[in-house]
Protein chains: 2
Amino acid sequence: MSDILTRKLRRWAKFDDQDRAALDRLTMVTRPVVRGQHLIREGDDPTHVFLILEGWAQRYKILPDGKRQIVAFLMPGDLCDTHVFILEKMDHSISMMSEGQVVSIPANDMLAIIENHPRVAQALWWCTLVDEGILREWLVNIGAREAYSRIAHLFCELYIRAGAVAREGNGDFFMPLTQTDVGEALGLTSVHVNRTIRALKRSGLVDAAKNRLLMLDFEGLKDAARFDSAYLHARLVPLGG
Amino acid sequence: MSDILTRKLRRWAKFDDQDRAALDRLTMVTRPVVRGQHLIREGDDPTHVFLILEGWAQRYKILPDGKRQIVAFLMPGDLCDTHVFILEKMDHSISMMSEGQVVSIPANDMLAIIENHPRVAQALWWCTLVDEGILREWLVNIGAREAYSRIAHLFCELYIRAGAVAREGNGDFFMPLTQTDVGEALGLTSVHVNRTIRALKRSGLVDAAKNRLLMLDFEGLKDAARFDSAYLHARLVPLGG
DNA sequence: CGATGGTTTGAGGCTATTCAAACCCAGTGG
DNA sequence: CCACTGGGTTTGAATAGCCTCAAACCATCG
């Protein structure tokens, strides 16, 4: 189960046995985490990189007036800030949205693998670029789409990133977001998110249960969102197994 | 003038003569560009990295319905997508907002310098991280602030990034954005941007002329924006000379 | 001097917010 | 086993912020 990183990175680079071994060594010591637990906080001095093995996390900032803006969702296989330890201080926080398992990788180990395993370094670059692409698309989503398509777009992205497209036939997948979370990610109030999600349900596009989202009509949802998965780059090709 | 990159990167790493020489070699051949000219377009296969020497550029995406969302402003010293050539296809376009000078750096030269000059590589990483931080802050800005403080926030960022804080005593600096640009960057209509900017003027915080912004009360503007420059990291320390 | 691109202004309408309360469900403890 | 609690969802009514459409204005430029 903890070779999830290798499996993810392998999409973007051919690794030899040494690469794989080095990656495996990183992910030896896992640590259970509970819902709400912080991996790191704004203002902290980052000394470790986190790898999510199980569960979802959120990256967010808090404004002086108490408002919260979520700027990313992290799911199994995602690395938090591969190179953030270059900076002095975290400018945001990361907390778990569900229970799960994570690995804390010391900065030095990370640096070492980057120096000694160019193919791994390249794959990590790739991840960073994809993350940046997601950030840009979020900007487009919040800046240029209205609530209905905005929420639809987020659901499409999460569906694909969670790898649920090909895996589970029925379209039901783990998605531990509250409506408040959705609002804080998309710049909407939870009240409006509620009303809009029911509109999506009424249209027969999705349904929801606690911690689960049910894709009833993925094509319809993509339509509503004007969703174009190009920005996720190769992510959407799971090539299962 | 074309040592602007070296000067910028020097903030984050100590270079030796070879580092400096390698950087200088990159920026030998400059190319004049006019306002509106594209450096690269969505869908293109990126083979070069661009360095802006003079003038401002914008990074943007176009939606199916024709709406445009600007996701970044680039100014002298900024590199466009240091590693984007790892990806197959551009997922956005970059065009000049004013005339200027740029350098096109072949991907291979870029790769070579990263491999052979670890200090330069590290400084480039730093730039990428800062760019990502800016992207996150834009998300917060669009998602969680109302028009008045949102525009104020953008102006604060541009003022600092343009290096105008310390340099020009009077607070007047080059800023080639139309009100439409501001709107497309912040998720507002140009009409509303117009009204809001006049409100900022009425409050005595800024004034504007063609291609110029005049900071009348930077402290007041920061207040209005709840601006905290931490996300720009070391950028704001110009250490002139 | 007309053309063009950008700014300004007005009026009306819609989207999303605010505030407030009710509701539902799962977990907890008496 | 039922009352209680707390987090999350749902609903309503009133309002604010921002948008749409439309037109006028202004400066610059060939």
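Note on naming: letters A, B, ... go to the chains in the order of the sequence lines (proteins, then strands), and numbering restarts at 1 for each one. Fair warning: this is a prediction, and the values are worked out from it, not measured in the lab.
Rounding to the nearest 0.5 Å places CE of A/M175 at 13.0 Å from OH of A/Y159. Taken from CD1 in B/I160 to OG in B/S229, the straight-line distance is 5.0 Å, to the nearest 0.5 Å. The line from NZ of B/K61 to CE of B/M90 is 10.0 Å long, rounded to the nearest 0.5 Å. Summarising the geometry, atom CG belonging to A/D81 is positioned 4.5 Å from atom CD1 belonging to A/I94; distances are rounded to the nearest 0.5 Å. Expressed to the nearest 0.5 Å, how far CH2 of B/W138 lies from CG of B/L186 amounts to 6.5 Å. Taking CD1 of B/I151 as the reference point, atom CZ of B/R145 lies at 12.5 Å (rounded to 0.5 Å).
Non-hydrogen atoms lying under 4.0 Å from DNA chain D are contributed by B/E146, B/A147, all within residues 141-152 of chain B. Remark: B/V191, B/H192, B/R195 in residues 191-199 of chain B come within less than 4.0 Å of DNA chain D through at least one heavy atom. Listed in residue order, the members of residues 56-67 of chain B having a heavy atom less than 4.0 Å from DNA chain C come to none.
Put simply, CG on A/N211 is 10 Å from P on D/dG8, counting in whole angstrom units. Between the P atom of D/dC19 and the CD atom of B/Q179 lies a distance of 14 Å, rounded to the nearest Å. Atom P of nucleotide D/dC19 and atom CG of B/L186 are separated by 11 Å, given to the nearest angstrom.
Considering only residues two or more places apart in sequence or on other chains, A/R41 meets the side chain to side chain donor-acceptor pair (under 3.5 Å) condition with A/H38. Listed by chain and number, the residues in a ring pair (Phe, Tyr, Trp, His ring centres under 6.0 Å) with A/H153 are A/F227, A/Y231 (sequence neighbours excluded). Residues meeting the side chain to side chain donor-acceptor pair (under 3.5 Å) test with B/R150, sequence neighbours left out: none.
Minimum interatomic distance between B/L74 and B/C80 (heavy atoms only, all atoms of both residues): CD1-SG, 3.5 Å. Heavy atoms only, all atoms of each residue included: A/G220 and A/L205 are closest at C-CD2, 3.7 Å. Nearest heavy-atom pair, A/G36 versus A/S95, reported as atom, atom and distance to 0.1 Å: O-CB, 4.1 Å.
Within the structure, the ring pair (Phe, Tyr, Trp, His ring centres under 6.0 Å) test picks out no pair touching residues 183-208 of chain B (sequence neighbours left out). Annotation: salt bridge (Lys or Arg N to Asp or Glu O under 4.0 Å) contacts involving residues 180-199 of chain B, sequence neighbours excluded, comprise B/R68-B/D181, B/R68-B/E184. Here side-chain hydrogen bond (donor to acceptor under 3.5 Å, both in side chains) pairs that include residues 201-210 of chain A, with residues two or more places apart or in two chains, are A/Y148-A/S203.
The shortest distance between side-chain heavy atoms of B/V140 and A/L63 falls below 4.5 Å. In this structure, B/V33 and B/F50 have side chains that are not in contact, with every pair of non-hydrogen atoms separated by 4.5 Å or more.
A distance-only check finds no donor-acceptor pair linking the side chain of B/R136 to the backbone of A/D91 [under 3.5 Å].
At a threshold of 4.0 angstrom between heavy atoms, the contacts of A/G36 with the nucleic acid are absent.
Counting 5' to 3', DNA chain C first comes under 4.0 angstrom of a heavy atom of chain A and last does so at the ends given by C/dA16 to C/dC19.
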Protein-nucleotides 25-30 of chain D N/O pairs closer than 3.5 Å?
none

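Two end axes, each from the C1' atoms of five base pairs, can be drawn for the helix from C/dC1-D/dG30 to C/dG30-D/dC1; they diverge by 30°, to 10 degrees.
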